[in-house]
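Each chain gets a letter, A, B and so on, in the order the sequences are listed, and its residues count up from 1.
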Number of protein chains: 2
Amino acid sequence: MISKALVKEFQEVVGADGVFVDEADRAVYSYDAAVLEPVVPALVVRPTTAEALARVVRLCNENRLPLTVRGAGTNLSGGTIPNPHGVVVLTNGLNRILEINTEDLYAVVEPGVVTAKFAAAVEGQGLFYPPDPGSQAVSTLGGNVAENAGGLRGLKYGVTRDYVMGLEFFDANGDLVKTGARTVKCVTGYNLAALLVGSEGTLGVIHKIILKLIPAPQHRKSMMAVFDRVSGASETVAAVIAGRIVPATLEFLDNFTIRAVESYSQAGLPVDAAALLLIEVDGHPAQVEEEAAKVEAICREKGASSIRVAQTDQERNKVWEARRAALSALAKLKPTVVLEDATVPRSRIPDMVAAVEEIARKYQLTIGTFGHAGDGNLHPTILTDRRDQEEWHRVEQAIDEIFDRALAMGGTLSGEHGIGIAKTSFMERETSRATLDYARRIKRALDPHNILNPGKIIGDA
Amino acid sequence: MISKALVKEFQEVVGADGVFVDEADRAVYSYDAAVLEPVVPALVVRPTTAEALARVVRLCNENRLPLTVRGAGTNLSGGTIPNPHGVVVLTNGLNRILEINTEDLYAVVEPGVVTAKFAAAVEGQGLFYPPDPGSQAVSTLGGNVAENAGGLRGLKYGVTRDYVMGLEFFDANGDLVKTGARTVKCVTGYNLAALLVGSEGTLGVIHKIILKLIPAPQHRKSMMAVFDRVSGASETVAAVIAGRIVPATLEFLDNFTIRAVESYSQAGLPVDAAALLLIEVDGHPAQVEEEAAKVEAICREKGASSIRVAQTDQERNKVWEARRAALSALAKLKPTVVLEDATVPRSRIPDMVAAVEEIARKYQLTIGTFGHAGDGNLHPTILTDRRDQEEWHRVEQAIDEIFDRALAMGGTLSGEHGIGIAKTSFMERETSRATLDYARRIKRALDPHNILNPGKIIGDA
């Protein structure tokens with residue numbers, strides 16, 4: 001419980017209408033998109049200025065209150081699940097695009113700006129902000145930075161960290177830390193901006209983000225390749241990369257996912273296909289034509305039964321919207337959906353797809369697989385019901401084995417969903433005891449009272 | 001002094017021929033490429049295995065010996081100047097390219113691999129490693145990572161940090177930390193690899209680097225544009241970027257630098273030009289032709305008196321080699337050469353060039369300016385004689401003012417040369433007191449005995 005006097009202090013900082021004390025209000029912020037128990041925070045506050053944000057951090061630190069910053073709560077590993085004694089800090093009142101600089105190709109934003117709105121604003125100026133996490137329609141840039149969000153374009157364009165040029169954030173004391181710059185090159189001091197990216201709110205509270213922008217590609221071409229065998233699709237992925245073609249997106253959907261998506265969104269997907277690849281190449285028109293032709297040839301060589309090239313923007317958008325609906329479509333089928341995120345080097349996609357199929361059979365589970373095959377980032381999606389304890393036990397075993405197989409292939413536990421609280425116990429398997437100790441020493445030094453989103457990534461040890 | 005018993009321990013770890021105790025041997029490692037007093041280390045060791053490297057770190061930590069890792073010592077801010085009571089650890093015995101993976105587009109290397117040799121090995125496989133610091137012919141990849149080295153291609157291709165996918169390094173205790181992955185996407189734990197990049201050996205000792213590779217551009221075109229007015233050249237830089245063209249390189253040389261380079265390397269540069277731009281565009285052939293034509297048109301519009309397009313690889317290489325000789329050429333003219341590194345947003349290049357000219361007049365100094373204009377990273381080069389105390393005082397004032405002007409334009413103290421010991425006292429001017437405190441808390445937590453390259457970046461406080 002937070003005392004009335006303290007609530008009053010928060011009200012003085014952010015205004016009475018920026019403090020939520022009623023349980024019904026607080027419960028709204030008790031969960032994120034991961035399959036984890038919700039936790040209702042003790043208080044929710046909504047600052048609308050940087051100064052108020054700093055004072056909120058200071059108040060939390062002085063009163064040893066755990067503080068969890070929340071953008072849209074779309075993250076998939078429990079990173080925004082708060083502490084029952086803690087404060088949730090909403091960023092939706094800090095949602096201004098402060099600058100889009102078309103000469104120097106950067107933008108400055110507050111953390112609460114919605115990703116898709118920002119991307120559209122940038123596009124309106126003839127520029128391009130590539131990171132496009134699945135949740136971009138509602139996710140915030142602050143959340144994207146905190147989680148180092150990925151998306152469909154990682155293969156060619158990288159992920160959020162590749163676009164963060166600088167940050168201003170408040171440390172645990174509420175003091176302002178400035179790192180990075182508006183310039184392409186900057187080596188003034190430790191690269192703290194890069195450390196903050198993906199740190200899930202455990203090392204500081206971001207209040208300003210400098211993002212790199214690039215010129216928009218002149219042209220693009222989207223196609224859908226239909227395969228009767230899963231191996232044909234996964235081998236195509238490896239062959240495209242080996243052919244020195246780097247598509248903007250190269251997405252994989254297995255039959256289970258295709259059927260789920262089609263029944264959800266009626267996009268005209270071929271429901272009998274064993275697997276689909278959705279491929280987009282972009283760049284100079286001549287290059288796009290050449291690459292598209294090469295990709296088509298590789299698809300056919302690997303046994304694609306048909307290839308449809310989108311003829312209009314509308315056709316293109318329909319397919320991509322269907323792909324973006326994959327998680328929602330799968331989520332409708334069963335009470336519990338576990339979206340995994342193990343990632344392997346791109347050439348191992350055929351092995352990983354086969355491994356997931358084998359694991360599904362072994363544990364008698366329904367696993368739909370889709371994802372960003374081009375960058376090795378598949379999302380095996382386990383459909384289950386958490387209330388069924390016996391099945392849930394098999395789900396846990398299957399997840400364990402998915403991790404082991406990915407690591408054995410030189411991969412990683414999490415490509416883009418983060419560690420949060422869902423994967424902390426697996427961290428050492430990929431890294432080392434010393435790696436965890438190293439991270440924990442950083443955390444303790446920067447946040448001695450452990451108020452910044454405690455328990456996330458590195459656990460509570 | 002390091003005791004004989006301790007020297008013997010180091011000899012047991014790295015072999016008798018891997019430990020250098022004679023002063024003449026040690027003096028070789030007393031300086032780097034910055035204008036700073038040399039400091040002869042107490043001992044120099046040369047491990048040739050990761051295990052020996054870890055044991056060297058452990059021995060240093062146990063005996064509280066400052067440890068400075070040294071690649072080729074080409075850095076420009078004192079980052080490799082050792083402590084008089086400390087140990088210099090050479091990496092030239094850890095110089096294997098462990099893997100070049102053409103399917104998954106990455107390489108794994110040891111820190112002592114020479115940058116240019118690596119770039120050539122990668123090119124031999126049809127791939128491309130873009131970071132090309134001026135010292136690439138001798139610099140090492142470990143040094144590049146520790147300094148976050150830039151180079152000529154920063155504008156289009158980014159700098160070293162954009163290519164570090166993962167690291168293995170030893171912490172101050174000599175324990176192994178693993179961070180990052182062989183996959184494009186990885187969010188397993190804090191982004192420690194990114195923190196280590198540019199940390200100048202103060203947070204760990206790198207023993208393995210995973211580097212991102214990209215497909216080589218199909219085609220490229222180099223040109224030299226000659227200007228009678230400096231403003232014509234600098235305005236061209238801004239106009240090219242504003243025209244949504246991102247050249248692979250966009251280099252600026254003023255008249256003073258042109259004459260110095262020409263007298264040094266006889267590359268056929270126009271010695272009467274007020275300024276030169278060296279521009280290279282690369283990519284798909286059709287795109288290259290279009291962009292080259294656009295760049296040419298912009299140059300003419302901004303008053304270029306002539307534009308020479310390289311017709312052969314030989315012609316191209318001659319010009320770029322001349323450009324790469326700029327520092328050596330300037331260094332021959334006077335006993336002391338101070339190569340500055342202040343960087344501004346690209347559109348401010350005309351203002352920054354004018355500011356440097358004004359500062360040169362004000363302090364009656366000879367300042368040649370050249371550098372990576374395309375990414376705002378100019379290198380104003382002050383030719384002086386440090387023994388002339390009166391002039392040296394003016395040099396210091398000029399540097400101070402260059403920093404102030406760059407910061408006022410939204411720029412940074414250092415684009416690519418690092419802070420080392422040369423710029424520690426300026427750090428707070430760009431960032432904040434809390435930023436320095438934040439960095440120092442990290443350093444203290446990770447290296448409580450302050451043995452890892454002490455005094456660099458964050459000073460001794």
Side-chain angles (χ1 to χ4, degrees), chain A residues 103-104 148 150 154-155 159 161 171 175-179 181-192 194-195 197-199 215 241-242 244 246 284 286-287 343-347 375-377 410-416 418-419 427 430-432 434-435 438-439 441-442 444-446 457, chain B residues 103-104 148 150 154-155 159 161 171 175-179 181-192 194-195 197-199 215 241-242 244 246 284 286-287 343-347 375-377 410-416 418-419 427 430-432 434-435 438-439 441-442 444-446 457:
Chain A
E103 284 187 300
D104 294 320
N148 187 15
L155 170 60
V159 295
R161 71 159 174 253
D171 67 12
D175 292 329
L176 182 66
V177 178
K178 293 168 74 170
T179 163
R182 285 163 171 76
T183 54
V184 176
K185 290 173 173 171
C186 172
V187 289
T188 299
Y190 291 151
N191 193 355
L192 302 175
L195 175 65
V197 175
S199 67
I241 308 294
R244 301 277 190 274
V246 184
H284 186 279
Q287 172 197 342
T343 301
V344 294
R346 301 173 267 214
S347 66
D375 56 28
N377 180 207
T412 178
L413 283 179
S414 179
E416 60 183 13
I419 298 298
M427 283 275 289
E430 177 170 339
T431 59
S432 69
T435 308
Y438 194 93
R441 289 203 297 270
I442 293 176
R444 273 198 301 268
L446 297 176
I457 303 185
Chain B
E103 284 187 301
D104 293 320
N148 188 14
L155 169 60
V159 295
R161 72 159 174 251
D171 67 12
D175 291 328
L176 183 66
V177 178
K178 293 167 77 171
T179 162
R182 285 162 171 76
T183 54
V184 175
K185 290 173 173 172
C186 171
V187 289
T188 300
Y190 289 153
N191 193 354
L192 301 175
L195 175 65
V197 175
S199 67
I241 308 295
R244 300 279 190 273
V246 184
H284 186 279
Q287 173 196 342
T343 301
V344 294
R346 301 172 267 215
S347 67
D375 56 29
N377 180 207
T412 178
L413 283 177
S414 180
E416 59 184 13
I419 298 298
M427 283 275 289
E430 177 170 339
T431 59
S432 69
T435 308
Y438 194 93
R441 289 203 296 268
I442 292 176
R444 273 198 300 270
L446 298 176
I457 303 184

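- Note: A:Tyr190 OH to B:Leu195 CG = 7.5 Å, rounded to the nearest 0.5 Å.
- With a 4.5 Å cut-off on non-hydrogen atoms, B:Asn377 touches chain A through its side chain but not through its backbone.
- In this structure, the portion of B:Val246 lying under 4.5 Å from any heavy atom of chain A is its side chain and not its backbone.
- If you measure heavy-atom distances from B:Leu192 to chain A, the contacts under 4.5 Å come from the side chain alone.
- When each of B:Gly189, B:Ser199, B:Gly198, B:Ser347 is checked for heavy-atom pairs under 4.5 Å with chain A, B:Ser347 comes out on top.
- Here A:Asp171 is the residue among A:Asp171, A:Val197, A:Leu155 with the most heavy-atom pairs under 4.5 Å with chain B.
- A donor atom on one side chain and an acceptor atom on the other are found under 3.5 Å apart for A:Thr188 and B:Thr412.
- Most heavy-atom pairs under 4.5 Å with chain A, from the set B:Ala445, B:Gly415, B:Ala194: that is B:Gly415.
- B:Val159 is not listed as a side-chain neighbour of A:Val187, based on a closest heavy-atom distance of 4.5 Å or more.
- With chain B as the partner, the residue from A:Pro215, A:Pro345, A:Gly376, A:Ala286 showing the most heavy-atom pairs under 4.5 Å is A:Pro345.
- Minimum heavy-atom separation, B:Gln287 to A:Gln287: OE1-OE1, 3.7 Å.
- Ranking B:Thr431, B:Val344, B:Asp375, B:Asn148 against chain A, the residue ahead of the rest is B:Asp375, based on heavy-atom pairs under 4.5 Å.
- Using a 4.5 Å cut-off between heavy atoms, B:Ile457 touches chain A through its side chain atoms alone.
- Between the CD1 atom in B:Ile442 and the CZ atom in A:Arg441 there is a gap of 12.5 Å [rounded to 0.5 Å].
- Scanning both residues, A:Asp175 and B:Ala434, for their nearest heavy atoms gives CB-CB, 3.5 Å.
- For a residue to count as touching a neighbouring chain, one of its non-hydrogen atoms must lie under 4.5 Å from one of that chain's; by this rule A:Thr179 does not touch chain B.
- Residue B:Ala181 touches chain A through its side chain alone, counting heavy-atom pairs closer than 4.5 Å.
- Residues A:Ile241 and B:Asp104 fail the side-chain proximity criterion, which asks for heavy atoms closer than 4.5 Å.
- The two residues A:Asn191 and B:Arg161 have their closest heavy-atom pair at ND2-CD, 3.7 Å.
- Contact between A:Cys186 and B:Glu430 at its shortest, heavy atoms only, is SG-OE2, 4.1 Å.
- Contact record, A:Lys185 with B:Thr343: O-CG2, 4.0 Å, taken as the closest heavy-atom pair.
- Between chain A and the residues B:Gly418, B:Gly411, B:Ala242, the most heavy-atom pairs under 4.5 angstrom are made by B:Gly418.
- Across all non-hydrogen atoms, the minimal contact from A:Thr435 to B:Leu176 is OG1-O, 4.0 Å.
- Heavy-atom pairs under 4.5 Å with chain A were tallied for B:Met427, B:Arg346, B:Glu416, B:Glu103; the largest tally goes to B:Arg346.
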